[in-house]
Amino acid sequence: MIGAFRRRKLNAIVTEVLVMLVAIVFLIPFYLLLINSVKGVAEQLTNTAGWPSAFVWNNYSKAWNALNFPDVFLRSLLITVFSNIGLTIISALAAHRMVRMPTRFNTAVFYLFIASMAIPFQSLMLPLVQVIRELGMINSLGGIVFTYWGLGLSFSIFLFHGFVKTISYEIEEAAIIDGCGPLRVFWRIVVPLLQPMTVSLVLLNTLTFWNDFLLPNLLLTKSELHTIQTAMNAFFGEFLTRWDLALPALVLGTAPAILFFLLMQRRIIEGVAGGAVKG
Amino acid sequence: MKKRLRSLGEQSLFMGPALVMYVIIVVMPFALSLYYSMTDWNGIASHVGWVGLTNYKTILTGDPEFAKAFWFSTQITIVITVLTNVFGFALAYLLTKQLRFRNWWRTIYFMPNVLGGLLLGFIWQFIFTKGFASFGQLTGLSFFELPWLGSEATAFWALVIVSVWQGVGYVMVIYIAGMTAISKEMEEAADIDGAGELTKLLRIKLPMLMSSITVCLFLTISWTYKMYDLNLSLTKGGPFKSSESVAFNIFVEAFSNNNYSLGTAKAVLFFLAVVLITCIQVYITKKREVEL
């Protein structure tokens, strides 16, 4: 009995150590990025793994200016915020209707949306650029937001659809009988009930929009319209292997997503787990 | 009549925006892809000539680079899918045990996933070329002194390392959710019957988790097959075009070679391949799911 107890304890210690070692391996890239971002060029090459002998904070101000950081940050932020707002409203409206009015047409549309989740973006991208150009929306923030509304629909409708099914219809019914119009029912009753799913969805979509490189690269071709991702790509084309500039730029570029994740991590991880269960 | 009109109004109010967006952003480009793939358009000229299935024939019979890209994508998808899921499963297994700081570890493992492939590729460029060299000096291990981004074989594994590092946390979260959903009674019953840790893992956890496995395999396969950003920032498709994925090849064809119609034909073939592969995978793993 005592032997079994001891073995269990030993097992627990081995597990803790193992888990910690893996965590260290996971963090090493971030560590190297951070400490080298404040070293001079020479020290980056001679003392890559060690603590900096002197902190060269000036690297950051140079990278900040070279990237035009406030500008590209604001642009990424605007795109992410407005893409989320529109996409959430459009997909919640449609998903709600599809569940509450499952006519043959609406059900067929639902399955069509689900099926198109299988289309890789690369299979649409060439003519998509043309369509956006024809609509006069190329090289505009509005154009890229508009495109995200369309591209994000399938996934968002899929998640909302699953969620609306779990909400009981009785409250809505009571409001309709009391003479409440459909839009008011939706706004006053359905939207508040959807809130948990809305939060998960917005968090997941935020990471997708924020990290996307391909679409802004295709639709925002002018350098004065760079987002963080496309600015970073252009930056590397220009200052290839100037690591004293590139590393602080990468810290600046990754910091918003990392901070966002650390603040929202519980909800984001719940969203990932929940989204997968639905699938 | 009035009622009918009103319900039509409601229908278009709720469904209209989604349908319009969907037609413009998904249906139209998709239909145009099919159309252009059967023409000789170069993306700029005003003349568009119909060529039928010629482009497809060219790609399937006379384009070694596309075949090479397809083979590359297939190989790397298999390797990344297997490794990501094995490690993700193992980490989930460890993290469902009684541990201190469990949420901390989970957060750390998930963290690489919140960054985009483009930035990760640039970060790892520094680590492979400078960081690994200094680890090599410190430890003397030849593993760190390989020309990671300079040779075909190592560039392949460099992409694998970064992708697994990025993807493992995501599938781990899904596996954790699946494992915590397994009822405690079932495990207790197995304990009473004298089942060891390994038996419980193979006979209870694994079969009960088949639906999570279906989802995770589906996700990793479709991410990896569509890989583009990481190849661009880490290896630029090189050395010697050895790490060009299919998505990369489509880009090169349409924008560098200015063969727009060939590019769209490749995009259509790519779509068919992704659908076929993921359908086969879902079909196979779905069959193994257990219903209670």
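Lettering of chains follows the sequences in order, A, B, ..., and the numbering in each one begins at 1. Please read all numbers here as calculations on a predicted model, not as lab measurements.
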With chain A as the partner, which of B/Leu32, B/Leu118, B/Asn113, B/Val268 has the greatest number of non-hydrogen pairs under 4.5 Å? B/Leu118
For each of B/Phe135, B/Phe30, B/Phe126, tally heavy-atom pairs with chain A at distances under 4.5 Å, and name the one with the top tally. B/Phe126
Toward chain B, the part of A/Leu218 with a non-hydrogen atom under 4.5 Å: side chain
A/Val22 portion near chain B, given a 4.5 angstrom heavy-atom threshold: both
Point-to-point distance, once rounded to the nearest 0.5 Å, from [atom1] of [X] to [atom2] of [Y]:
X: A/Leu32; Y: B/Ser134; atom1: CG; atom2: OG; value: 6.5 Å
X: B/Arg100; Y: A/Thr15; atom1: CZ; atom2: OG1; value: 11.5 Å
X: B/Ile24; Y: A/Glu134; atom1: CD1; atom2: CD; value: 12.5 Å
X: A/Ser154; Y: B/Tyr22; atom1: OG; atom2: OH; value: 5.5 Å

Listed by residue number, which members of residues 271-281 of chain B have a heavy atom under 4.5 Å from any heavy atom of chain A? B/Phe271, B/Val274, B/Val275
Find out whether A/Gln130 and B/Tyr260 are in side-chain contact, i.e. whether some heavy atom of one side chain is under 4.5 Å from a heavy atom of the other. yes
Are any of the side-chain heavy atoms of A/Phe121 and B/Lys226 separated by less than 4.5 Å? no
Hey, does the side chain of A/Asn211 reach the backbone of B/Gly117 with a donor-acceptor pair shorter than 3.5 angstrom? no
Distance-only, no hydrogens or angles: does the A/Ser123 side chain make a donor-acceptor pair with backbone N or O of B/Ala267 under 3.5 Å? yes
Throw together a table of side-chain donor-acceptor distances under 3.5 angstrom for residues 244-267 of chain A, partners on residues two or more places apart or in other chains.
unit_1, atom_1, unit_2, atom_2, d
A/Asp244, OD1, A/Arg242, NE, 3.2
A/Asp244, OD2, A/Arg242, NH2, 3.4
A/Thr254, OG1, A/Leu250, O, 2.8
A/Thr254, OG1, A/Val251, O, 3.3
A/Gln265, OE1, B/Thr107, OG1, 2.9
A/Gln265, NE2, B/Thr107, OG1, 3.3
A/Arg266, NH1, A/Glu270, OE2, 3.1

Taking the six-membered ring for Trp, is the centroid-to-centroid distance between A/Phe235 and B/Phe122 below 6.0 Å? no
Would a line drawn from the ring center of A/Phe30 to the ring center of B/Trp165 be shorter than 6.0 Å? yes
Against chain A, label B/Leu13 side chain, backbone, both or neither, depending on which of its atoms sit under 4.5 Å from a heavy atom there. both
